[in-house]
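Written below as structure tokens is the structure these notes are about.
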Number of protein chains: 2
Amino acid sequence: MISLKKVKQKICPVARKEMIVDAALEILASQGVASLTMDKVVAKLPCSKGTVYKHFSCKEDLLMGIGDKALTILIALFNRAVAFNGNSRERALAIHLSYLIYAILHHDLFQSVIAIKSPTVYNKASAEKLAKHERLENKLMAIMHKLIATAIENKELTNINKLNPQQISFALWSMNFGTIALLGEDVMQCEGRRGLEVEREYFNHNNILLDGIGWLPLQKDHDYRQSARKILSQLFSQEIALIAQSGRVLVF
Amino acid sequence: MISLKKVKQKICPVARKEMIVDAALEILASQGVASLTMDKVVAKLPCSKGTVYKHFSCKEDLLMGIGDKALTILIALFNRAVAFNGNSRERALAIHLSYLIYAILHHDLFQSVIAIKSPTVYNKASAEKLAKHERLENKLMAIMHKLIATAIENKELTNINKLNPQQISFALWSMNFGTIALLGEDVMQCEGRRGLEVEREYFNHNNILLDGIGWLPLQKDHDYRQSARKILSQLFSQEIALIAQSGRVLVF
DNA sequence: ACCTGAACACCGTTCAAGT
DNA sequence: ACCTGAACACCGTTCAAGT
């Protein structure tokens, strides 16, 4: 019998680590988080299971690697968004729109970051990978914290509840995350959700919440629908085009 | 060799179905959703795998059965909450507090309902079980819809955004769900979340949001902290005692 | 030293064999 | 007709054997 064994070959470890994450990402994108299998990852790779396990101590560790990639993409979007040329509330809206775009365009990555938050995953992953993920998450949140702190200083955010920037940032994140998690495409769409479109409700929730914390100008004094259109065309035309390719149009 | 085969025995199918769900529930409570295994369920049961599969076509179907139990508990809590003797915004607060209590007291059930919303589960479960689950979810949401519709009629909810009751109900649900999902006990608690307590932020978010949709009286005109205390002592003293048993105190 | 893949334990699901 | 549990396919993880 002819041996079909793969020939041993040394590759730069950093490059290989990236190859492994990329292979996992392909499976994630085409089959979803639940179908992500070490067997399938290895099948896409020019190396063996043992080698994959040298880079990632377990499946959960690999998921952390994917989550890091997700956060890196999101950080780039947030940074682009926060630079929008408008008032501070419009910049907050820009960040939120970038989060929605990310959730639609990379819904597999969005799912992977959710998965990471569950004990089954974070209890198994290595301390090193967990620390790295936390660093990235902090970097992401810092963008929002800074915008909020500045807005409070400039009296654009009246903050009637006297919450600190971290608390306000969390209120916004909870709302946005919850909306996408309950109305997103990967969620069971039962009768109770009929008539609700994630992008429209997301926009509504954003207005309600920013009014609720007293972020000026309030809805009644500003046309945020127009701001949203401006943000999308000025900052995210490329992403909107990609979303449009799947036959979907973002309307507010 | 002595045969250790279980002796065949007929049992009322309805009772057995409940026994199976209860066995699954025990595992869920002690080991979490991810550790729920058909093997473990069968081990707790006086019947075989084949019989379990006669009642539930697959693991996901069984999860739907658990989810139904979860919704039934939640519906009972909502009904108790909405009967609170106070203004309509206080009744909304009561419902939200009951949701938080449910998430803390039955966090395993909370997790199971989340799991059901993912495609891996709802795509595999039987149509019959899905329909039943949807019916229960509608029953749950109807409680909130009705309260909102009445509040709008009575001009207690000024609804400056002109959203329909379903949309408002979804805004509230998104916020509450998102807050628990991001700050709950089963979530990775990294540095960015330090200093945030789910019950305190949950209460803050609730106030911000209800102010945002103009549900009267606004925070500045009413002490909702006192309302919360009244609601908990009048309606949920039993649940609060159970939570206290695990060394936890709900403070607002 | 580094890499491979057979082997093991575990899990969901099926179905031939029992009563 | 109803129930059982061995058997199968699949998956995460390990490690003895190869180079």
Side-chain angles (χ1 to χ4, degrees), chain A residues 1-17 19-20 23-24 27-28 31-66 115 118-126 129, chain B residues 1-17 19-20 23-24 27-28 31-66 115 118-126 129:
Chain A
M1 240 240 256
I2 298 164
S3 169
L4 289 170
K5 257 194 185 177
K6 288 178 186 178
V7 180
K8 161 180 152 184
Q9 44 183 323
K10 285 193 191 182
I11 303 180
C12 159
V14 179
R16 183 143 58 189
K17 200 162 188 169
M19 272 178 64
I20 297 171
I27 292 158
L28 198 71
Q31 298 174 256
V33 202
S35 302
L36 184 65
T37 288
M38 288 310 237
D39 273 337
K40 290 180 191 167
V41 173
V42 173
K44 279 192 181 285
L45 250 32
C47 68
S48 74
K49 275 190 169 186
T51 303
V52 170
Y53 273 89
K54 272 211 96 169
H55 291 271
F56 299 94
S57 68
C58 58
K59 196 191 164 189
E60 286 71 22
D61 235 38
L62 179 52
L63 211 54
M64 294 291 286
I66 294 169
S118 111
T120 350
V121 176
Y122 68 71
N123 280 337
K124 265 193 108 184
S126 66
K129 293 269 191 331
Chain B
M1 239 238 258
I2 298 164
S3 168
L4 289 169
K5 258 194 185 176
K6 287 178 186 177
V7 180
K8 161 181 150 182
Q9 43 184 326
K10 287 193 190 181
I11 304 181
C12 157
V14 179
R16 182 141 60 189
K17 200 161 189 170
M19 273 178 63
I20 298 170
I27 293 157
L28 199 71
Q31 299 173 257
V33 201
S35 302
L36 184 64
T37 288
M38 289 309 237
D39 274 338
K40 290 181 192 167
V41 173
V42 173
K44 278 192 183 285
L45 251 32
C47 69
S48 74
K49 275 189 169 188
T51 304
V52 170
Y53 273 88
K54 272 211 97 169
H55 291 271
F56 300 93
S57 68
C58 58
K59 195 190 164 190
E60 286 71 22
D61 235 37
L62 179 52
L63 212 54
M64 294 290 286
I66 294 170
S118 110
T120 350
V121 175
Y122 69 72
N123 280 337
K124 266 193 108 183
S126 67
K129 293 267 190 332

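In what follows, every heavy atom counts, from backbone to side chain, and hydrogens, waters and symmetry copies are set aside. Residue numbers begin at 1 in each chain, while the letters A, B, ... track the order of the sequences.
Within the structure, every side-chain polar atom (N or O) of B:K54 is placed at least 4.0 Å from both OP1 and OP2 of C:dT14. For the pair B:R16 and D:dC2, the criterion of a side-chain N or O lying under 4.0 Å from OP1 or OP2 is not met. For the OP1/OP2 pair of D:dC2 and a distance below 4.0 Å, the side-chain nitrogens and oxygens of B:T51 include no atom meeting the criterion.
Closest of all the heavy-atom pairs between A:F56 and A:I20 is CE1-CG2, 3.7 Å.
Taking atom CG on A:D61 and atom P on D:dG12, their separation rounds to 14 Å, with Å as the unit. If you take NZ of B:K59 and C1' of D:dC10, they are 14 Å apart, rounded to a whole angstrom. Here C:dG12 presents its P atom at 9 Å from CD of B:E60, a figure rounded to the nearest Å. Between the CD1 atom of B:I27 and the P atom of C:dG12 there is a distance of 10 Å, given to the nearest Å. Across the protein-nucleic acid pair, A:L45 atom CG and C:dC3 atom C1' stand 13 Å apart, rounded to whole Å. Between the CD atom of A:Q31 and the C1' atom of D:dC10 there is a distance of 14 Å, given to the nearest Å. For A:M38 and D:dT14, the CE to P distance is 10 Å, given to the nearest whole Å. Rounded to a whole Å, the CG atom of B:D39 is 17 Å from the P atom of D:dC11.
In this structure the side chain of B:M64 never reaches within 4.5 angstrom of the side chain of B:S126, judged on heavy atoms. Using a 4.5 Å cut-off on side-chain heavy atoms (C-beta onward), B:L36 and B:I66 make contact.
The residue among A:G50 and A:L36 whose nearest nucleotide of DNA chain D lies closer to the 5′ end is A:L36.
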Starting at the 5' end of DNA chain C, what dot-bracket string do you get if Watson-Crick and G-U pairs under 3.5 Å are bracketed, crossing pairs use [ ], other-strand pairs use | and unpaired bases use dots? ||.|||||...|||||.||
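When the side-chain hydrogen bond (donor to acceptor under 3.5 Å, both in side chains) test is applied to A:K124, no partner is found at least two apart in sequence or on another chain. Evaluation of the side chain to side chain contact (heavy atoms under 4.5 Å, CB included) rule for A:T51 yields A:R16, A:C47, A:S48, A:H55 as partners, not counting sequence neighbours. Remark: B:K40 pairs with B:I27, B:Q31, B:S35, B:T37 by the side chain to side chain contact (heavy atoms under 4.5 Å, CB included) rule, at least two apart or across chains. Annotation: side chain to side chain contact (heavy atoms under 4.5 Å, CB included) contacts of B:K49 (sequence neighbours excluded): B:D39, B:V42.
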Close N/O contacts between protein and nucleotides 6-9 of chain D (under 3.5 Å):
none

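A cation-pi arrangement is absent between A:K129 and A:Y122, since the terminal nitrogen or guanidinium carbon is not both under 6.0 Å from the aromatic centre and inside a 45° cone about the axis.
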Dump the intermediate steps for side chain to side chain contact (heavy atoms under 4.5 Å, CB included) on B:M38 and B:L62, then the final yes or no. CA-CA 9 Å; B:M38 289 309 237; B:L62 179 52; 3.9 Å; yes
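Within 4.0 Å (heavy atoms only), A:T37 reaches sugar-phosphate atoms of the nucleic acid but no base atom.
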